[in-house]
2 protein chains.
Amino acid sequence: MTGHENLWMRPERPARGPRPSFSRAALAQAAIRIADAEGLEAISMRRLAADLGAGTMSLYRYVTSKDEVFDLMVDTVVGEYLPEDRRPPDDWVEGLRLLAWQARRTMLRHPWLAPLAAGRPQAGPNSARLTETALGMLDALGLSVDEMLTLVGAVFAYVNGYIQSELAEAEALRRSGLTLAQRLAQHLSYIQSLIATGNYPMLERMTKEGGREYMGTDDRFAYGLDRLLDGIAAGLPPRGGPEGPASSR
Amino acid sequence: MTGHENLWMRPERPARGPRPSFSRAALAQAAIRIADAEGLEAISMRRLAADLGAGTMSLYRYVTSKDEVFDLMVDTVVGEYLPEDRRPPDDWVEGLRLLAWQARRTMLRHPWLAPLAAGRPQAGPNSARLTETALGMLDALGLSVDEMLTLVGAVFAYVNGYIQSELAEAEALRRSGLTLAQRLAQHLSYIQSLIATGNYPMLERMTKEGGREYMGTDDRFAYGLDRLLDGIAAGLPPRGGPEGPASSR
DNA sequence: AAAAAACTGAGTACGACGTACTCACTTTCT
DNA sequence: AGAAAGTGAGTACGTCGTACTCAGTTTTTT
């Protein structure tokens, strides 16, 4: 019961016995390298062990399940969200915007991250640093901790949601092996068959205006992020007013 | 090349031969029933076939891969987002808010939906109806189709992101087999060990204020959604102004 | 310095998975 | 009526996560 059932509380190195051949960090690095190069599904315990020059089952000395490998990967890479200079912008809006963009850049650099992180609670040291940093930006606003958490939670919900849908599209394209034009044409011909029923006037307009993709995906990301931050800022009390996150709804 | 490589364009029933014992819809229903009761990972082709009273490989007459089963599930359930009355609120903000809440309700009713939908582009008939409905709500605003898509994309990004993080927490709790209190205590003791380093003043404050969970998760969802809709509405041109989604950033 | 305790990494094995392939059979079109 | 084209069942293969065993090594204790 007092045992260390949590990855992050379990000591990396036991009190006695020979020193391990590698470390959790090395394990995470190796896994990240595989996932970056060949995608998440290329990671198997056998493959990972082979890359590390270890026996497959030896990995279970460092980690109790494959899932914990994923935990290590996520927490390691989440560290990249954090700006390198200790003191980010004073303005909290600029601070959160910066964090959001860093998150976006990181998730695009490691396309496996967004789906993986979305499916598990963030619990490692780097996630803690991230939370600490985000809350620190809101310190001067005079909100309760719960209000702050709600606020940054909303921003990260948007960021994760947006990037995931963006990546899902890219992934589907990659897996289909088609060119973008081919895929669009295929999708379009299905849409056309729906339009033929006469029940989809907006989709019909969509195929006619045909611009598509004229606004880059960076701009789309910025649009939603900026609107959300605008809305949050507008809803904050000018000074000690009654309009904090708690009183919404 | 003119072949039907897409699930939705492939005719369900071929021109000749005996009639199938069941339908794609029945397949989707069976899969949804399993996932609702036992989770996504309980779905295997063998299990699905057994539930349908069919041979395992017979499923591949209806679907070319397991992934297409997931496509069917997602599109089927996405249908539940749509309000049953043809004419939703006139106000576009109320319309989108309603859609967002319907999505939330559906995703909570089918906890496997959010992670699954996030990982694949929406391409089926019900997704098309959803897009049609959402765009229809914005018709009177005088935006271009791309601007509309950006707008509703932002809202759905938030909705998906929020619900996924909410479900991830619940899932982790379920899988750990602990009570909420136990899990919180465990998490807390890790946080405490970090705080002991003195580098986490905000987290320290967090443990002290200790309220936690005083704001329900429905309220948190509403907070971000309402702020986002506020921000979008505020950024719209009063009438033909220069401030549409396109000119952001 | 010696003995005991504890951890190491490699190997083997198991059950479950997605799905390719084969084949006797049934339905529908000509 | 015959032929074409579909049907569902069965078997088989390769891969996965991981439980278990065991000889060997390292560290702590006496």
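Atoms considered below: every heavy atom in the structure, side chains included; atoms not considered: hydrogens, waters and symmetry mates. None of these values were measured; they are calculated from a predicted model. Convention: sequence-line order gives letters A, B, ...; per-chain numbering from 1.
Distances shown here put every side-chain N or O of S44(B) at or beyond 4.0 Å from the OP1 or OP2 atom of dA16(C). The side chain of S58(A) contributes no N or O atom lying less than 4.0 Å from OP1 or OP2 of dT8(C).
Across all strands, Y62(A) comes closer than 4.0 Å only to sugar-phosphate atoms, never to a base (heavy-atom distances).
Put simply, OH on Y60(B) is 17 Å from P on dT22(C), counting in whole angstrom units. In this structure, R10(B) atom CZ and dG6(D) atom C1' are separated by 15 Å, rounded to whole Å. Computed from coordinates, the K66(A) NZ to dT15(D) P distance equals 14 Å when rounded to whole Å. Between the C1' atom of dG17(D) and the CD1 atom of I43(A) lies a distance of 14 Å, rounded to the nearest Å. Whole-Å rounding puts the R61(A) CZ to dG11(C) P distance at 15 Å. Atoms CG (L59(A)) and C1' (dC16(D)) sit 14 Å apart, rounded to a whole Å. Between L52(B) atom CG and dA9(D) atom C1' the separation is 15 Å, expressed in whole Å. Whole-Å rounding puts the R46(A) CZ to dT12(C) P distance at 13 Å.
Each of S65(A) and M57(B) has a nearest nucleotide on DNA chain D; the 5'-most of these lies closest to M57(B).
In this structure, the nucleotide among dC16(D), dG18(C), dT8(C) sitting nearest to the side chain of S21(A) is dT8(C). Listed nucleotides: dT19(C), dA9(D), dT12(C). Nearest to the side chain of M45(B): dT19(C). The side chain of A54(A) sits closest to dA10(C) out of dA10(C), dT8(C), dG18(C).
The aromatic rings of W101(B) and F221(B) sit perpendicular, their planes meeting at an angle over 60°, well past the 30° parallel limit.
A salt bridge does not link R24(A) to E68(A): none of the charged nitrogens lies less than 4.0 Å from a carboxylate oxygen. A salt bridge links R109(A) with E80(A): the closest approach of a Lys/Arg side-chain nitrogen to an acidic carboxylate oxygen falls below 4.0 angstrom.
Across all non-hydrogen atoms, the minimal contact from R120(B) to A168(A) is N-CB, 3.8 Å.
Judged by the 6.0 Å distance and 45° axis criteria, R129(B) is positioned over the aromatic ring of Y200(A).
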